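These notes concern the structure reproduced below.
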Protein chains: 2
Amino acid sequence: MLTQTGEYALRALVYMARKGSDAYCGVKEIAQETGVPANYLAKILQQLARAKVLESQKGFGGGFKIARRLDRVTLFDIIDPLERIDKFKQCVLGQRLCNDQVACPLHHTWKAISGQYLGSLRSTTLQDVADFRRHADAVEHVEE
Amino acid sequence: MLTQTGEYALRALVYMARKGSDAYCGVKEIAQETGVPANYLAKILQQLARAKVLESQKGFGGGFKIARRLDRVTLFDIIDPLERIDKFKQCVLGQRLCNDQVACPLHHTWKAISGQYLGSLRSTTLQDVADFRRHADAVEHVEE
DNA sequence: AACCAATCAGACGCTAATGTCCTAATTTAG
DNA sequence: CTAAATTAGGACATTAGCGTCTGATTGGTT
């Protein structure tokens, strides 16, 4: 469903989004807080920087930060550069000819399944995630 | 989403279901028709036999056949013995404490996504797939 | 200018998934 | 009974994902 790399990326970006600061955030800190191996996380964040999802800054006080407004970054944006999402477009049964008109036995079933998955990833933004968290915190606070 | 092994299993079982015969079906034939590497497919089918999804028969005229009525075999039954579907139950962000009450920022989003996925796999049977195919064949025939 | 903090880039190793091959064990045909 | 067909099972090879390490580069601090 989600590769290890993709999960690590989600962990890191959710952490950064939730932190909310506009300053650059170091790899060590993110790794520490999310439990992702630091060196490997660095590779992942570099890829996301190349994909323009993050901005990076070398040197003292440098690190990574989210390149766009939180409501303009979807979960799909984060996972897409790291995994082969285009797999979804190919026929599960491996038939060359498989589309809405001429469909393999699994075409419609699989299109529905993958459509729901991709749709959810595309419609959920980091803003949604950050908002939810704050709401949950508030609820917790009220319950105390 | 779906591992290579799982995809191969789907290809093979859909082929067998569609063929509709109650006789044992040889690995070579299935491999030929589905484009799956024969030796690897053999391993996969053996696993499904151990999981009671298939029955196997050695010797001349032997092979594999589906062990239950087609409407009692879901796509989930086919994929489950081959992949670690239990991954879905774990928190995406890796938090130890994450459930409906105390949720991580992604809990609800991810629960919805994986729920749709697993639900589709569990509610689709080989009978559905075989039926669809026959219907599609009929449509093709009419169009000629 | 010298130094330090941090990313960048590439090489390297480990592990699991994928794929191949060979030898048994089993069943049927003749 | 023998030979052929076929799965069962294990050993092995290949590949890709995951993870580590080292040196280079960049930018700020002193």
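Not measured: the values here are computed from a predicted model. Proteins get letters first, then strands, A, B, ... in listed order; numbering begins at 1 in each.
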[X] has an atom [atom1]; how far is it from atom [atom2] of [N], in whole Å?
{"X": "B/I30", "N": "D/dT7", "atom1": "CD1", "atom2": "P", "value": "8 Å"}
{"X": "B/L41", "N": "D/dA8", "atom1": "CG", "atom2": "P", "value": "12 Å"}
{"X": "A/Y40", "N": "C/dC14", "atom1": "OH", "atom2": "C1'", "value": "13 Å"}

Would you please confirm or rule out a distance under 4.0 Å between OP1 or OP2 of [N] and any side-chain N or O of [X]?
{"X": "B/T5", "N": "C/dT18", "result": "yes"}
{"X": "A/R50", "N": "C/dA9", "result": "yes"}
{"X": "A/T3", "N": "D/dC18", "result": "yes"}

What donor-acceptor contacts under 3.5 angstrom involve side-chain atoms of residues 34-49 of chain A, with partners at least two apart or in another chain?
unit_1: A/T34; atom_1: OG1; unit_2: A/I30; atom_2: O; d: 2.7
unit_1: A/Y40; atom_1: OH; unit_2: A/T5; atom_2: OG1; d: 2.8

When you measure from the side chain of B/Q46, which nucleotide among C/dG19, D/dG19, D/dT7 comes out closest? D/dT7

Taking only the side-chain heavy atoms of B/Y8 (C-beta and beyond), determine which of C/dT7, D/dC18, C/dG19 contains the nearest atom. C/dG19

Could you please spell out the steps behind the side chain to side chain contact (heavy atoms under 4.5 Å, CB included) verdict for B/V92 and A/L10? CA-CA 8 Å; B/V92 195; A/L10 282 186; 4.2 Å; yes

Under 4.0 Å, heavy atoms only, any strand: does B/F64 hit a base, just the sugar-phosphate, or nothing? sugar-phosphate

In B/S/- notation, 5' to 3', how is nucleotides 21-30 of chain C contacted by protein heavy atoms closer than 4.0 Å? B----BBSS-

Does a salt bridge link B/R68 with B/D77, judged by any charged N lying under 4.0 Å from a carboxylate O? yes

Under 3.5 Å, side-chain donor or acceptor atoms of residues 20-29 of chain B against the rest of the protein: list the pairs with distances, not counting sequence neighbours.
unit_1: B/S21; atom_1: OG; unit_2: B/A23; atom_2: N; d: 2.9
unit_1: B/E29; atom_1: OE1; unit_2: B/K19; atom_2: NZ; d: 3.3
unit_1: B/E29; atom_1: OE2; unit_2: B/Y15; atom_2: OH; d: 2.6
unit_1: B/E29; atom_1: OE2; unit_2: B/K19; atom_2: NZ; d: 2.7

Between A/H108 and A/D100, do the side chains contain an N or O donor and an N or O acceptor separated by less than 3.5 Å? no

Could you tell me how the ring of B/Y117 sits relative to the ring of A/W110: parallel (under 30°), tilted (30 to 60°) or perpendicular (over 60°)? perpendicular

